[in-house]
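Here's the structure, in structure tokens; my notes come after.
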Protein chains: 2
Amino acid sequence: MRISTRGRYGLRAIIDLANNEYRGAIPLREISQRQNISEQYLEQLFASLRKSGLVKSIRGAHGGYLLNDSPEKITVKDILTALEGPIAPADCVLSEDILEKCNNGGNCVTRKVWIMIKENLEELLDSVTLAELKAESQNWGDYDQLISYSSDMNNKGVK
Amino acid sequence: MRISTRGRYGLRAIIDLANNEYRGAIPLREISQRQNISEQYLEQLFASLRKSGLVKSIRGAHGGYLLNDSPEKITVKDILTALEGPIAPADCVLSEDILEKCNNGGNCVTRKVWIMIKENLEELLDSVTLAELKAESQNWGDYDQLISYSSDMNNKGVK
DNA sequence: GCAAAGTTGATAAAAATACTCGGGATTAAG
DNA sequence: CTTAATCCCGAGTATTTTTATCAACTTTGC
């Protein structure tokens, strides 16, 4: 039950963006430096965020990324789903197609457990918005400083 | 946010055990056949369950496994934790030792999210007992038949 | 035109996962 | 006491997933 670095870095990165976009489009280079995540990896993460419609990009010189919606409308579930794919403890709760391949046809005790986990987690993550995380991070004073260095253990850092 | 096959197979296996132990110690061979999980893999899973005190073993001919406690006292959290390790979306919620290595010293918005997930999940999983799963599976009639073939996608089956 | 930025696809390295294998120890039954 | 059934344990391996990195390309402001 771990969240991969995609989700962990990505959430940090989009909070960083939310905290800075008042200045206009934010290039990944900036986020990379503040969050100590390689620019190239961030590119991958923001590609996912963009395809999910959470951020929009402005190309060319002085370009960068902006939130595509107000932070109040973006939830942690949106963000983690964009980065890690659907919340599904097991494949059989992912889609009906896959469920059909299962000989139990859904009459399976364990499946009920996976569905319970999925629904519980979705509700929880949907209840927290990016706006709340942004506000909270700003309460601590200089947000950029606080999370300047990796908060995650397996961050290799920018080279 | 996936549960590995250890957790998925293991939960099925211990439900199977709960459903059959009224007959005495159940050898893994039996569970292996009913659940279509290789005996050798089951050995690994039951080693974990035994070390966590959830099951006890009887060695020698006519040996096998028994629950070490009444099913009412065993929760899904106990089972999944035994099989997959502690529920921790990120390392920084795992132990104080690891947290100390984090430059933020815990003042980190994302960490709050991971703690929230952890606590929510633990409470949820602790609220479901093996007794409940057992009862539910028996309501469907012949439990053994119903879950005879893998309910999981990446089960290679017994050779 | 040039430099700053996003876009894309390939690929490589590392880690975790999902098993398999072989031998050893224990014990009930005949 | 022998045999077969069973658990026990440590290695080893194959596969998949994760975590990146790289290079080439496109877009655009100045």
Side-chain angles (χ1 to χ4, degrees), chain A residues 1-10 12-13 17 24-33 35-51 55-66 68 80 83-85 88-91 150 152-159, chain B residues 1-10 12-13 17 24-33 35-51 55-66 68 80 83-85 88-91 150 152-159:
Chain A
M1 296 302 283
R2 279 183 87 241
I3 291 186
S4 72
T5 55
R6 279 182 70 86
R8 301 204 311 281
Y9 291 9
R12 274 205 287 145
L17 175 59
I26 304 296
L28 294 186
R29 176 165 315 227
E30 256 192 45
I31 299 180
S32 163
Q33 286 167 355
Q35 299 300 327
N36 201 36
I37 301 170
S38 92
E39 206 177 319
Q40 289 164 326
Y41 198 39
L42 279 179
E43 281 176 2
Q44 278 195 16
L45 305 184
F46 275 81
S48 298
L49 294 173
R50 189 175 55 86
K51 281 170 190 161
V55 301
K56 62 188 164 198
S57 61
I58 295 175
R59 302 180 69 160
H62 294 267
Y65 286 92
L66 290 167
N68 201 17
L80 291 183
L83 292 162
E84 306 225 321
D91 288 338
S150 165
D152 295 296
M153 293 297 98
N154 54 345
N155 187 325
K156 304 279 175 48
V158 175
K159 280 185 186 154
Chain B
M1 295 303 279
R2 279 183 87 240
I3 291 187
S4 71
T5 56
R6 279 182 71 86
R8 300 204 313 279
Y9 292 9
R12 275 204 286 147
L17 176 59
I26 304 295
L28 293 186
R29 176 165 317 231
E30 257 191 45
I31 299 180
S32 163
Q33 287 166 354
Q35 301 298 327
N36 200 36
I37 301 170
S38 96
E39 207 177 319
Q40 289 165 327
Y41 198 39
L42 279 178
E43 278 177 2
Q44 278 197 15
L45 305 185
F46 276 80
S48 298
L49 294 173
R50 188 174 55 86
K51 280 169 190 162
V55 301
K56 61 188 163 197
S57 61
I58 295 176
R59 303 180 67 161
H62 294 263
Y65 285 92
L66 291 166
N68 202 17
L80 291 183
L83 293 162
E84 307 225 320
D91 288 339
S150 166
D152 293 296
M153 292 297 99
N154 56 343
N155 186 326
K156 303 278 175 46
V158 175
K159 280 184 186 153

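Naming: A, B, ... by sequence-line order, numbering from 1 per chain.
- The side-chain contact (heavy atoms from CB on, under 4.5 Å) test with A:L49 singles out one residue from A:L42, A:L17, A:V55, and that residue is A:V55.
- Comparing D:dT19, C:dT20, C:dT27 against the side chain of A:S4 picks out D:dT19 as the nearest.
- Judged by closest nucleotide on DNA chain D, A:Y41 is the one of A:Y41 and A:H62 placed further toward the 5' end.
- Look at CD1 on A:I26: it is 17 Å from P on C:dA4, rounded to the nearest Å.
- The B:A61 side chain lies nearest to D:dA4 when the options are C:dC21, D:dC22, D:dA4.
- B:Y65 comes within contact range of the sugar-phosphate backbone alone, with a heavy-atom separation under 4.0 Å but no base atom that close.
- Atom CD1 of A:I37 and atom P of D:dA20 are 9 Å apart (whole Å).
- Backbone-only contact: A:G63 has heavy atoms under 4.0 Å from sugar-phosphate atoms and none from a base.
- Remark: the A:Q44 side chain and the D:dA20 base include a donor-acceptor N/O pair separated by less than 3.5 Å.
- Distance from the side chain of B:R59 is smallest to D:dC7 among D:dC7, D:dT19, D:dT21.
- When distances run from any side-chain atom of B:T5 to the nucleotides D:dC8, D:dA20, C:dA18, the shortest one goes to C:dA18.
- The two residues B:A25 and B:P27 make their nearest non-hydrogen contact at O-CD, 3.6 Å.
- Between A:S57 and B:E43, it is A:S57 whose nearest contact on DNA chain C lies nearer the 5' terminus.
- With distances taken from any side-chain atom of A:R50 to the nucleotides C:dT20, D:dT21, C:dT7, the minimum falls on C:dT7.
- D:dC22 atom P lies 6 Å from atom CD of A:Q40, rounded to whole Å.
- Comparing D:dT6, C:dC19, D:dG29 by their nearest atom to the side chain of B:P27 picks out D:dT6.
- The existence of a salt bridge linking A:R6 and A:E84 is excluded, since no basic side-chain nitrogen approaches an acidic carboxylate oxygen closer than 4.0 Å.
- Using modelled atom types and a 3.5 Å distance limit, the side chains of A:S32 and A:Y41 yield no donor-acceptor pair.
- Below the 3.5 angstrom threshold, one finds no donor paired with an acceptor across the side chain of A:E39 and the base of D:dT21.
- Here D:dC7 presents its P atom at 15 Å from NZ of B:K51, a figure rounded to the nearest Å.
- Residue contacts for B:L45: at a heavy-atom cut-off of 4.0 Å it reaches no nucleic acid atom on any strand shown.
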